[in-house]
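Just so you know, residue 1 is the first one in the sequence shown, and it goes up from there.
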Amino acid sequence: MSHDEREEIIAQLRAAGATAMVAEEWTPERALSVLRENRRRYANTREGMAVNSWGAGFAEDVSQMTGLAPADISAVLLYASSWLGGLAAVNNLPAVAITNVMGAAADELHQQANGGEQA
């Protein structure tokens with residue numbers, strides 16, 4: 001995707017009321033600010049309540065199942081949600097495609113950590 005195409009998509013998302021940023025604008029603080037504003041905005045909606053409930057359950061589960069520090073998990077999930085949300089918006093991808101992208105990334109990282117060997 002060219003720089004101009006990316007900028008056009010960002011402009012379209014912003015025109016539709018979405019908070020969108022290019023990679024060069026992304027910081028953890030900015031992403032958290034956008035995320036928290038959206039959580040507040042939709043907190044009293046059916047979807048917002050469900051998302052917040054599922055998010056809390058997932059946070060507890062992933063922390064217990066991985067044994068990783070919450071701050072480390074948070075950093076990865078924050079970046080992943082931003083990156084994958086942008087990918088989904090730009091390409092109009094279904095949830096299953098996003099899940100598959102996360103799985104492929106996990107496998108790539110696992111292979112890198114294990115000298116390229118597949119389990």
Next on the checklist: I'd like to know whether CH2 of W83 has more than 12 heavy-atom contacts from other residues, nucleotides or ligands below 6.0 angstrom.
Outcome noted: no

Checklist entry - Ignoring hydrogens and geometry, is there a side-chain-to-backbone donor-acceptor pair from S63 to A59 under 3.5 Å? => result no

Next on the checklist: Let me confirm one number: the CG-CG distance from L78 to L32, rounded to the nearest 0.5 Å.
Outcome noted: 4.5 Å

Next on the checklist: With a 4.5 Å cut-off on side-chain heavy atoms, are N38 and L35 touching?
Outcome noted: no

Item to check | Evaluation steps, side-chain contact (heavy atoms from CB on, under 4.5 Å), between V34 and W26 | outcome: CA-CA 11 Å; V34 169; W26 190 92; over 6 Å; no

Next on the checklist: Tell me whether R40 at atom CZ has more than 12 heavy atoms from other residues, nucleotides or ligands lying less than 6.0 Å away.
Outcome noted: yes

Next on the checklist: Under 4.5 Å between side-chain heavy atoms, counting indirect links through other Ile/Leu/Val/Met/Phe/Trp/Tyr residues: same cluster for V101 and V76 or not?
Outcome noted: no

Checklist entry - Taking N114 as the fixed residue, which of Q111, Q112, H110 is the one that meets the side-chain hydrogen bond (donor to acceptor under 3.5 Å, both in side chains) rule? => result H110

Anything under 3.5 Å between a donor and an acceptor, one on a side chain of residues 64-75, the other on a protein residue two or more places apart or in another chain? List them.
from : atom 1 : to  : atom 2 : distance (Å)
Q64  : NE2    : E60 : OE2    : 3.4
T66  : OG1    : V62 : O      : 2.7
T66  : OG1    : L68 : N      : 3.2

Could you list the donor-acceptor pairs under 3.5 angstrom formed by side chains in residues 47-56, with sequence neighbours left out?
from : atom 1 : to  : atom 2 : distance (Å)
N52  : OD1    : R39 : NE     : 2.7
N52  : OD1    : R39 : NH2    : 3.1
N52  : ND2    : G48 : O      : 3.2

Item to check | Any donor-acceptor N/O pair, S33 side chain to E29 backbone, under 3.5 Å | outcome: no

Next on the checklist: Is it true that, when you exclude R46 itself, more than 12 heavy atoms of the residues, nucleotides or ligands shown sit nearer than 6.0 Å to its CZ?
Outcome noted: no

Next on the checklist: If hydrophobic clusters are built by linking Ile, Leu, Val, Met, Phe, Trp and Tyr wherever their side-chain heavy atoms come under 4.5 Å apart, do Y79 and L87 end up in the same one?
Outcome noted: yes

Checklist entry - Roughly how far apart are L84 CG and T99 OG1, rounded to 0.5 Å? => result 9.0 Å

